[in-house]
Student: 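What follows is a single structure, and I will ask about it in a moment.
Letters go in sequence order (proteins before strands), and every chain restarts at 1. Computed from a predicted model, the values in this text were never measured in an experiment.
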2 protein chains.
Amino acid sequence: MTEPRYREIKRSIVASIRSGMLKPGDRVQSEAEIVEQFGVSRMTANRALRELTDAGLLTRRSGAGTFIADAKPIGHMIEIRNIADEIRARGHAYRSRVLRNDAIKADAKQATLLDVRVGVRLFHSIIVHHEADFPIQLEDRLVLASAAPGYGETDFHQQTPNEYLTRIAPIARVEHRVTAALPDPEVRALLGMQELDPVLVMDRRTWSGDRLVSHATLTHPASRYALTATFEVKLD
Amino acid sequence: MTEPRYREIKRSIVASIRSGMLKPGDRVQSEAEIVEQFGVSRMTANRALRELTDAGLLTRRSGAGTFIADAKPIGHMIEIRNIADEIRARGHAYRSRVLRNDAIKADAKQATLLDVRVGVRLFHSIIVHHEADFPIQLEDRLVLASAAPGYGETDFHQQTPNEYLTRIAPIARVEHRVTAALPDPEVRALLGMQELDPVLVMDRRTWSGDRLVSHATLTHPASRYALTATFEVKLD
DNA sequence: GAGTGGTCTAGACCACGAC
DNA sequence: TCGTGGTCTAGACCACTCC
């Protein structure tokens with residue numbers, strides 16, 4: 001019934017990361033230090049650190065120590081790295097155009113998307129992300145106001161909604177739905193597309209804890225964007 | 001330098017699964033039995049079984065035993081379950097139409113796709129997969145003949161190429177690329193699509209061991225098919 | 001009641017890294 | 001040299017399942 005010791009240790013370290021107390025590259029306690037702090041045997045300390053390492057949160061170097069891993073691929077496929085990082089990783093300039101970021105009350109359709117009642121307070125943002133001056137993603141996002149009170153005042157030229165949300169509300173679950181479509185004229189104009197050029201549409205729902213906190217529709221010109229995803233089967 | 005004991009135990013169990021000796025639902029050795037067979041301590045046996053459980057290959061029931069897990073989502077997102085399973089899971093009839101399955105020698109383009117030299121022996125299959133009599137996927141696949149010698153004689157009405165390949169060559173790595181397009185008239189006809197209806201195209205490359213063994217282009221009518229993928233962050 | 005997994009301990013030996 | 005992680009042992013107690 002009581003929580004296992006190794007899990008308590010894991011939670012403690014995860015909490016330090018989430019609170020921002022520990023940042024990528026920082027050193028965490030050695031096994032010996034955990035043995036002292038928590039009064040456990042070394043095997044238990046080792047298990048906690050090893051499991052967090054397997055999960056990708058830590059990296060260990062024998063002889064040196066255990067450190068917070070940088071970046072978080074946060075998934076093996078369709079990485080949730082935000083579009084800005086993705087663009088910069090390709091060596092291109094990133095720029096965004098914020099079309100709106102309003103506080104609203106959910107209408108029937110929006111309430112369905114976020115699984116809340118009509119009238120619940122939301123934020124609604126629409127942003128066009130550019131890669132080297134070409135629009136590459138139209139992001140239409142709904143955010144539960146109670147989960148992200150400061151969303152409406154955030155300057156999304158400085159950081160993407162994705163970055164903001166992952167900072168204030170740790171992601172517990174993400175669901176994607178990907179399909180193809182022909183864009184309506186408005187979307188086509190916003191993305192600077194030719195007629196008859198299809199779009200790749202990704203609907204992304206994000207949970208924090210048990211709560212569905214955000215729904216985003218990400219629309220990309222197929223001629224300029226493809227999703228890639230790799231999965232490795234590792235058995236050792 | 002020498003292989004850790006827990007990894008040796010894991011390899012032994014994985015080998016039993018791959019060889020077909022152990023099937024989903026079968027019981028594997030208990031920790032006590034592994035202690036005897038391998039002459040290790042129980043902690044070492046436990047680690048081997050626990051890691052294979054975390055990896056999804058086994059399931060454990062305290063008091064009952066350790067068993068081979070069924071199915072293999074083989075990834076947390078864009079599951080590699082083949083299209084036939086996917087259709088049947090939705091409660092629909094699955095049917096396939098095999099348009100070709102030929103032994104060929106790689107031309108320049110095919111050689112590039114599979115990263116081999118021109119002239120290497122390949123199989124080339126084209127199959128249309130139907131859900132409840134509606135075409136839902138056009139599968140155009142190249143397979144390295146040396147990795148799957150029996151591919152050309154396999155009846156792909158009985159099992160999908162995916163099923164066949166995963167059985168004879170354990171998948172080590174999968175890479176996806178997803179994009180949207182407007183189909184050319186031939187593809188449109190094969191998939192029974194309206195004009196101006198876009199397709200969702202997934203290129204999938206599959207490695208077994210270090211070898212790239214297959215390249216498949218999977219084309220879906222956007223009106224009838226969407227990719228979905230979920231990722232859960234679990235920290236315990 | 002016998003067997004199973006889940007957890008934990010208090011030691012141990014080793015290779016490696018930093019100093 | 002000393003601290004680090006990587007591995008392993010031979011016990012232990014418990015809750016659970018199956019018979």
Student: When the distance from CZ of B/R61 to P of C/dG5 is rounded to whole Å, what number comes out?
Tutor: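 In whole Å, C/dG5 P lies 11 Å from B/R61 CZ.
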Student: Does CD belonging to A/Q37 count more than 12 external heavy atoms closer than 6.0 Å?
Tutor: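 More than 12 heavy atoms, drawn from other residues, nucleotides or ligands, come within 6.0 Å of this atom.
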Student: Near DNA chain C, which residues from residues 38-45 of chain A have a heavy atom under 4.0 Å away?
Tutor: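 A/G39, A/V40, A/S41, A/R42, A/M43, A/T44 - these, ordered by number, are the residues of the stretch whose heavy atoms sit under 4.0 Å from the strand.
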Student: Without decimals, in angstroms, what is the distance between B/R60 CZ and C/dT4 C1'?
Tutor: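 Atom-to-atom, B/R60 to C/dT4, this comes out as 9 Å.
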Student: Kindly check if the number of other-residue, nucleotide or ligand heavy atoms within 6.0 Å of CG (A/D115) is above 12?
Tutor: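 Atom CG in A/D115 is not packed in, count stays at 12 or less.
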Student: Output the rounded distance in Å from CG (B/D54) to C1' (C/dG5).
Tutor: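 Checked: the CG to C1' distance equals 14 Å.
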Student: Could B/R50 and A/E51 be called an ion pair, given the rule that one side-chain N must be under 4.0 Å from one carboxylate O?
Tutor: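 A salt bridge links B/R50 with A/E51.
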Student: Let me spell it out: for each of B/A64 and B/P4, pick the nucleotide of DNA chain D with the closest heavy atom. Which residue's pick is nearer the 5' end?
Tutor: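 Taking each residue's closest nucleotide, the earlier one in sequence belongs to B/P4.
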Student: Centroid separation under 6.0 Å, is that true for the rings of A/Y151 and A/F156?
Tutor: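 Under 6.0 Å, so yes.
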Student: Can you confirm whether the side chains of A/R204 and A/H176 place a donor and an acceptor under 3.5 Å from each other?
Tutor: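 Yes, A/H176 and A/R204 have a side-chain donor paired with an acceptor closer than 3.5 Å.
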Student: In chain order, what residues pass the side chain to side chain contact (heavy atoms under 4.5 Å, CB included) check against A/S208, with sequence neighbours excluded?
Tutor: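 A/S208 satisfies side chain to side chain contact (heavy atoms under 4.5 Å, CB included) with A/A169, A/P170, A/V213 once adjacent residues are dropped.
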Student: Is it the case that more than 12 heavy atoms not belonging to B/E33 sit under 6.0 Å from its CD atom?
Tutor: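 Enclosed.
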Student: Using a strict threshold of under 4.0 Å (side-chain N to carboxylate O), is an ion pair present between B/E31 and B/R60?
Tutor: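 Counted as a salt bridge, because a side-chain N and a carboxylate O are separated by less than 4.0 Å.
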Student: First and last nucleotide of DNA chain D in contact with chain B, 5' to 3', at under 4.0 Å to a heavy atom: what are they?
Tutor: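 The footprint of chain B covers D/dT7 to D/dC18.
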